[in-house]
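Just below is one structure, and these are the notes that go with it.
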Amino acid sequence: MTTKIKNTLKIVGLLFIGILLGWILFGGNDAANNTHNHTVEQEATIWTCSMHPQIRKDEAGQCPLCGMDLIPMAKNDVETDPNALQMSENALKLANVQTMIVGTKEANKELRLNGKVQVDERKVYTQSSHIPGRIENLSINFTGESVYKGQTLAYIYSPDLVTAQEELLQSYAIKNSQPELFDAAKQKLKNWKISEKTINTIISTGKIIQQFPITADVSGIITAKKVELGDYVNRGMPIYEIADLSSLWVLFDVYESDMAWVKVGDKVSYTVQSIPGKTFEGTISFIDPIINAQTRVATARVEVKNDKNNLKPEMFVTGILKNNLNTNNSKELIIPKSAILWTGERSVIYVKNKAENAINFTLREVTLGASLGNAYIIKSGLETGEEIVVNGTFTVDAASQLAGKPSMMNLEGSKSVTEHSTAAINNSTDSQTNMETTMVVSKQFQQQLNNVFEIYLNLKDALVADNGNKAKMAAQNLLKQLSKVDMELLTNNEAHTQWMAIHTKIKTLTTNISKTSDIEIQRDYFKDISTQLIKAIKLFGINETVYEQFCPMANDDHGAYWLSTSAAINNPYFGSKMLKCGSTTTIINNNTLK
């Protein structure tokens, strides 16, 4: 092969190698770019449903399950804690979420006691007849009248007493020969409480007295009249009850769970509803050693003077008893009651954490110590300086539940939803508080809401009857009825979002009632259920007239609402203790809503 041919082959080979290298260097980059662009195209917007996050679509549309408009799926930001719930500043304001930094202070337990003014049992006297006979005249004809010692209350005609007077006069005629007979006749009259003066009058006049007076043995107020004109009475039979009201008892109800904090000698400040603006003070002098088997309360007695007769028996009284629980001048970690959620046996709170550009909340289980009324001592689970949610706790929990984060309903958390649904809950839940507009929904949905309301009434009636076990069963039935409400009937996106928020809160609160028979805990959750159901009925309407009623003394004197189908007041927050406390504030009529 000639040198020329060899050089030609070398040139052709070099050209081929150059072309190959050029394709690798430039063509490969184009392929990589094309692959990258293809990946970018694959990362186009994914559309999902805020109610059903399992729905994933490449384009906008409606959810096939509930009919809501699909929303762009939020990008999952990298979180320091995957269990933390992120909330924007705007969402926090709309939900009215408030926080506080916890610290230690003196543990002063403030115990609120309810009670009544009662008559001092030691100063109640039964005025009986010491003469057998017929009531000929009653000087006192009604209860409440004042009497004084020695006052004539009634006149009695007694055949036995007439006979005894005749015997007296006959024995007087022969007293010189038979003095013992005369003394026996006199003594017989004295046994009937006939005075020496009256006996001497009978002897001196020689006339028999037909009617004898019954006089008051003590001074006081007539509290009961036992006989009527013309009645026959035996010796010792009661005619009147007389009570001395110059001093009275204030009997406070002490629940079994609070008895450890009430001692003889404790000071109590109390107010009387009918004497506004005045505070009384007293000392506990006696605590009933026996607990009432039905109400589970004992009574603590405070003895009070009633010189001006300002206090009346059966008046309602509200008292405050304060105890310092500190030992060795130590201080305790204390948080407000509003910060705590109860999940059966567990107690949880939400702790606020601040990241670089966001605020998040994490669920934390805590161990509670003694109750201080509106606050609790924390034994473990929280440290001084940490920041916790103290207002809007239920809103944060509802958002956490919908976001698939750990919540009071599910401590482990579940599949994540989207930040959009979390924001929707916070935006809708509290913005509806002052909502005056209503939403047009189908009659079928209204009927399902009406069915929920009917079970709610069973729960209310159980609390009115002070029956914790019955309230627990009613809550279980309410959960079943709540699950039957078909959200697909709400074709309007705003209505769907509003009901989603209300449904979540009612379910959470009702679940807590269904896990306990403690009626005070049940009543605490019931007030929030009522608030949510009032919102739902005002928004969507039901097929009957509903009375919105309010008790100013419930919820530690902050007041609480409930719903009823009757204008009559039957208070579910106090039951038999203050059954008629409250008033109707609004009549919700379905015809006015649509």
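We count residues from 1, following the sequence as given. For the numbers below, each heavy atom of this structure counts, side chains included, while hydrogens, waters and symmetry mates do not.
Counting non-hydrogen atoms of other residues, nucleotides and ligands closer than 6.0 Å to CD of Gln273 gives a total of 12 or fewer. No more than 12 heavy-atom neighbours from other residues, nucleotides or ligands sit within 6.0 angstrom of CD on Gln294. Enclosure of atom OH in Tyr172 is not indicated, since only 12 or fewer non-hydrogen atoms of other residues, nucleotides or ligands lie within 6.0 angstrom. Counted within 6.0 Å of CD on Glu281, heavy atoms from surrounding residues, nucleotides or ligands total 12 or fewer; the atom is thus considered open.
Side chains of Ile140 and Gln151 form a contact here, defined as non-hydrogen atoms less than 4.5 Å apart. Arg112 places a side-chain heavy atom less than 4.5 Å from the side chain of Thr318. Tyr157 places a side-chain heavy atom less than 4.5 Å from the side chain of Pro159. Counting only heavy atoms from C-beta outward, the side chains of Leu533 and Ile537 approach each other to under 4.5 Å. For the pair Leu168/Phe182, a side-chain contact is recorded, criterion being any heavy-atom separation below 4.5 Å from C-beta on. Using a 4.5 Å heavy-atom threshold, the side chains of Val262 and Phe252 count as separate. Looking only at side-chain heavy atoms (C-beta outward), Ile506 and Val452 stay at 4.5 Å or farther from each other. Inter-residue side-chain proximity for Asn137 and Thr152 is flagged as unmet; no heavy-atom pair is nearer than 4.5 Å.
Legend: residues meeting ring pair (Phe, Tyr, Trp, His ring centres under 6.0 Å) with Phe394, ordered by chain and number and at least two apart, are absent.
With Lys226 contributing its side chain and Glu241 its backbone, the two residues share no donor-acceptor pair below 3.5 Å. A distance-only check finds a donor-acceptor pair linking the side chain of Asp231 to the backbone of Glu228 [under 3.5 Å]. Judged purely by atom type and a 3.5 angstrom limit, Ser219 uses its side chain to pair as donor or acceptor with the backbone of Lys149. A donor-acceptor pair is defined here as one N or O able to donate and one able to accept, closer than 3.5 Å; such a pair exists between the side chain of Arg523 and the backbone of Pro572. Proximity of a side-chain donor or acceptor of Gln549 to a complementary backbone N or O of Ser566 within less than 3.5 Å is detected. Put simply, the side chain of Asn543 never gets that close to the backbone of Asn450: no donor and acceptor are under 3.5 Å apart. Listed for the Ser204 side chain is a donor-acceptor partner under 3.5 Å among the backbone atoms of Thr201.
A salt bridge links Arg122 with Glu303; the closest basic N to acidic carboxylate O contact falls under 4.0 Å. Ion pair Glu136/Arg134 flagged as a salt bridge, since at least one NZ, NE, NH1 or NH2 atom sits closer than 4.0 Å to an Asp/Glu carboxylate oxygen. At a threshold of 4.0 Å, the pair Asp120-Arg301 does not count as salt-bridged, since none of the basic side-chain nitrogens sits closer than that to a carboxylate oxygen.
Between atom CG of residue Leu478 and atom CD1 of residue Ile513 there is a gap of 8.0 Å, rounded to the nearest 0.5 Å. Expressed to the nearest 0.5 Å, how far OH of Tyr148 lies from OG1 of Thr215 amounts to 10.0 Å. In this structure, CD on Glu548 lies 10.5 Å from OG on Ser583, to the nearest 0.5 angstrom. Taking OH from Tyr561 and CG from Asn555, the interatomic distance works out to 11.5 Å, rounded to the nearest 0.5 Å. Between the CD1 atom of Ile242 and the CD atom of Gln127 there is a distance of 5.0 Å, given to the nearest 0.5 Å. Atom OG1 of Thr198 and atom NZ of Lys193 lie 14.0 Å apart (nearest 0.5 Å).
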TODO: Go through the steps to decide whether Leu161 and Leu189 satisfy the test side-chain contact (heavy atoms from CB on, under 4.5 Å), and finish with yes or no.
DONE: CA-CA 8 Å; Leu161 200 54; Leu189 290 173; 3.6 Å; yes
- [ ] Test Ile335 against Ile388 for side-chain contact (heavy atoms from CB on, under 4.5 Å), laying out the working first.
- [x] CA-CA 9 Å; Ile335 65 172; Ile388 63 172; 3.6 Å; yes
TODO: Kindly indicate, with the supporting measurements, whether the criterion side-chain contact (heavy atoms from CB on, under 4.5 Å) is fulfilled by Leu138 and Tyr240.
DONE: CA-CA 11 Å; Leu138 287 174; Tyr240 297 99; 3.4 Å; yes
Open item on the list: For Lys190 and Asp183: C-alpha separation, side-chain torsions, deciding distance, then whether salt bridge (charged side-chain N to carboxylate O under 4.0 Å, His left out) applies.
Closed with: CA-CA 11 Å; Lys190 289 181 178 179; Asp183 291 340; over 6 Å; no
- [ ] Give the intermediate values and the outcome of side-chain contact (heavy atoms from CB on, under 4.5 Å) for residues Lys337 and Asp524.
- [x] CA-CA 11 Å; Lys337 183 180 179 180; Asp524 195 38; 3.8 Å; yes
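Between the side chains of Asp244 and Ser246, a donor-acceptor pair is found at a separation under 3.5 Å. With 3.5 Å as the limit, one finds no donor-acceptor pair spanning the side chains of Tyr155 and Ser139. Side-chain contact check for Gln187 and Asn191: at least one donor-acceptor pair (N or O, by modelled atom type) lies under 3.5 Å.
Taking every heavy atom of both residues into account, Leu245 and Asn306 meet most closely at O-ND2, 3.1 Å. Scanning both residues, Val254 and Leu113, for their nearest heavy atoms gives CG2-CD2, 4.3 Å. The shortest heavy-atom contact between Gly582 and Ile569 is O-CG1, 3.8 Å. Pairing each heavy atom of Asn571 with each of Met578, the nearest pair is CB-O, 3.4 Å. Residues Val233 and Ile131 come closest through the heavy atom pair CG2-O, 4.0 Å. Pairing each heavy atom of Thr516 with each of Gln522, the nearest pair is O-NE2, 2.7 Å.
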Side-chain donor-acceptor contacts of residues 263-271 below 3.5 Å, not counting sequence neighbours, with atom names and distances?
unit_1 : atom_1 : unit_2 : atom_2 : d
Lys263 : NZ     : Ala260 : O      : 2.5
Asp266 : OD2    : Lys263 : N      : 2.8
Lys267 : NZ     : Thr283 : OG1    : 3.0

Please output the side-chain donor-acceptor pairs of residues 470-477 that fall under 3.5 Å, not counting sequence neighbours, one pair per line with the distance.
unit_1 : atom_1 : unit_2 : atom_2 : d
Asn477 : ND2    : Met473 : O      : 3.4

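Applying side-chain contact (heavy atoms from CB on, under 4.5 Å) to Phe280 and the options Val302, Ile275, Asn310 leaves one that passes, Ile275.
The aromatic ring centres of Phe526 and Tyr456 sit less than 6.0 Å apart.
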